[in-house]
Each structure stands twice: as C-alpha cells, then as structure tokens.
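Proteins come first, then strands; the chains are lettered A, B, ... in the order of their sequence lines, and each starts at number 1. Worth knowing before you read on, the calculation uses all heavy atoms, side chains too, and leaves out hydrogens, waters and symmetry mates.
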Amino acid sequence: MPTQSFKEKVFRVVRGIRRGGVLTYQEVARRAGNPRAARAVGAVLRTNFNPAIPCHRVVRSNGALGGYNRGVGRKRFLLARERLSEL
DNA sequence: CATTTGACGCCAA
DNA sequence: TTTGGCGCCAAAT
C-alpha cells in the first residue's frame, strides 16, 4: 500500500533530474510506478511552483516541449540555458 | 462517491 | 508531417 502518494513519487523523480538532462512524461510515470500515467504526471507538475523541483526538464515523447505553468517561453529559455552550460 | 479536467501518447487517415 | 480521436489516470471539483 502506497505510503507515498503518486504525486510525491513524481516530485521525487523530477527532483532527481540533473542539470542539462531531460525526461519524458512517460518516463517519469514509469519511474513513479505507473507506466500509463503520463497524463497524470502533467496534472501533478502543473501544480508545482517549487524551484527545487525542475519540472521544466520534463518534455513530451514526440520531442515537443509540453506545457509549463509559467509559460512555455520560460521553459524554452531555461532548457536552452542549461543545454548551453553543458557544453 | 460521481464527474470533470488536462503540462500525455499512440495510431489511423 | 499534421490532425483528430480515443484510451489512460491522478487530482480537483
């Protein structure tokens, strides 16, 4: 029985994504224990405004960025910035 | 407890 | 390549 809600597991997974790296919603769902809950992952991340949880590093499996609760432009910016600093 | 809501994913057309 | 439709699921209402 789940001592942690799905929400908590998602945050734990996303908190572990390192700078310059990205995960798909699907992969986050898998790591959180429910491979078919990709959509629900979005619903959870949508409520996150904690900077310690880098939810901008979660993208769609088709290569598109996906959404962001502070504007997609913001998400693009953060990712571009991290990609550059990786080089 | 029943419904609605979408930061998703897959596939046929 | 792009679109529409549908299945899926946790959260919110």
Side-chain angles (χ1 to χ4, degrees):
Chain A
M1 37 88 115
T3 44
Q4 308 181 88
S5 65
F6 179 75
K7 187 195 290 191
E8 298 171 305
K9 293 182 196 166
V10 168
F11 287 143
R12 184 166 53 71
V13 170
V14 174
R15 190 154 49 79
I17 306 177
R18 306 204 290 181
R19 192 180 158 85
V22 294
L23 284 185
T24 63
Y25 291 93
Q26 193 173 51
E27 183 59 25
V28 172
R30 247 190 282 277
R31 299 190 188 190
N34 191 339
R36 298 186 289 185
R39 195 168 189 174
V41 168
V44 169
L45 295 186
R46 190 170 188 287
T47 73
N48 172 58
F49 286 84
N50 183 344
I53 299 175
C55 57
H56 62 278
R57 296 176 185 155
V58 183
V59 301
R60 297 189 61 155
S61 60
N62 61 10
L65 281 188
Y68 194 61
N69 57 12
R70 284 172 168 165
V72 184
R74 173 75 180 167
K75 186 170 185 175
R76 251 201 306 280
F77 173 75
L78 292 170
L79 287 174
R81 188 91 197 94
E82 295 185 356
R83 259 186 290 115
L84 287 181
S85 68
E86 271 297 299
L87 299 176

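Each of Leu65(A) and Phe77(A) belongs to its own hydrophobic cluster when Ile, Leu, Val, Met, Phe, Trp and Tyr are linked at side-chain heavy-atom distances under 4.5 angstrom. Linking Ile, Leu, Val, Met, Phe, Trp and Tyr residues whenever their side-chain heavy atoms come within less than 4.5 Å places Phe6(A) and Tyr25(A) in a single cluster. Under a hydrophobic clustering in which Ile, Leu, Val, Met, Phe, Trp and Tyr are joined whenever their side-chain heavy atoms come within less than 4.5 Å, directly or via other members, Leu45(A) and Val59(A) fall into different clusters.
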With Watson-Crick and G-U wobble geometry limited to distances under 3.5 Å, how should the secondary structure of DNA chain C be encoded in dot-bracket form, using | for bases paired to another strand and [ ] for crossing pairs? .||||||.|||||

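You can see that DNA chain C meets the heavy atoms of chain A within a 4.0 Å-exclusive cut from dG7(C) to dA12(C), reading 5' to 3'.
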For nucleotides 1-13 of chain B, give me one character per nucleotide, 5' to 3': B if any protein heavy atom sits under 4.0 Å from the base, S if the only such contacts are to the sugar-phosphate, - if neither. -----BBBBS---

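Within residues 5-23 of chain A, no residue has a heavy atom under 4.0 Å from DNA chain B.
Listed by chain and residue number, Asn48(A), Ala52(A), Ile53(A) satisfy the side-chain contact (heavy atoms from CB on, under 4.5 Å) test with Asn50(A) (two or more places apart in sequence, or in another chain). Partners of Ala43(A) according to the side-chain contact (heavy atoms from CB on, under 4.5 Å) rule, which considers only residues two or more places apart in sequence or in another chain, do not exist here.
In this structure a side-chain-to-backbone donor-acceptor pair under 3.5 Å is missing from Asn34(A) to Ala29(A).
Glu82(A) contributes atom CD, which lies 3.5 Å from atom NE2 of His56(A) (distance to the nearest 0.5 angstrom).
In this structure, the side chains of Leu23(A) and Val13(A) come closer than 4.5 Å at one or more pairs of heavy atoms.
More than 12 heavy-atom neighbours from other residues, nucleotides or ligands sit within 6.0 angstrom of CZ on Arg30(A).
Arg57(A) pairs in a side chain to side chain contact (heavy atoms under 4.5 Å, CB included) with only one of the listed residues (Leu78(A), Ile17(A), Val28(A)), which is Ile17(A).
A salt bridge links Glu27(A) to Arg31(A): one of the charged nitrogens lies within less than 4.0 Å of a carboxylate oxygen.
The minimum heavy-atom distance between Ala32(A) and Val10(A), with the atom names listed, is CB-CG2, 4.1 Å.
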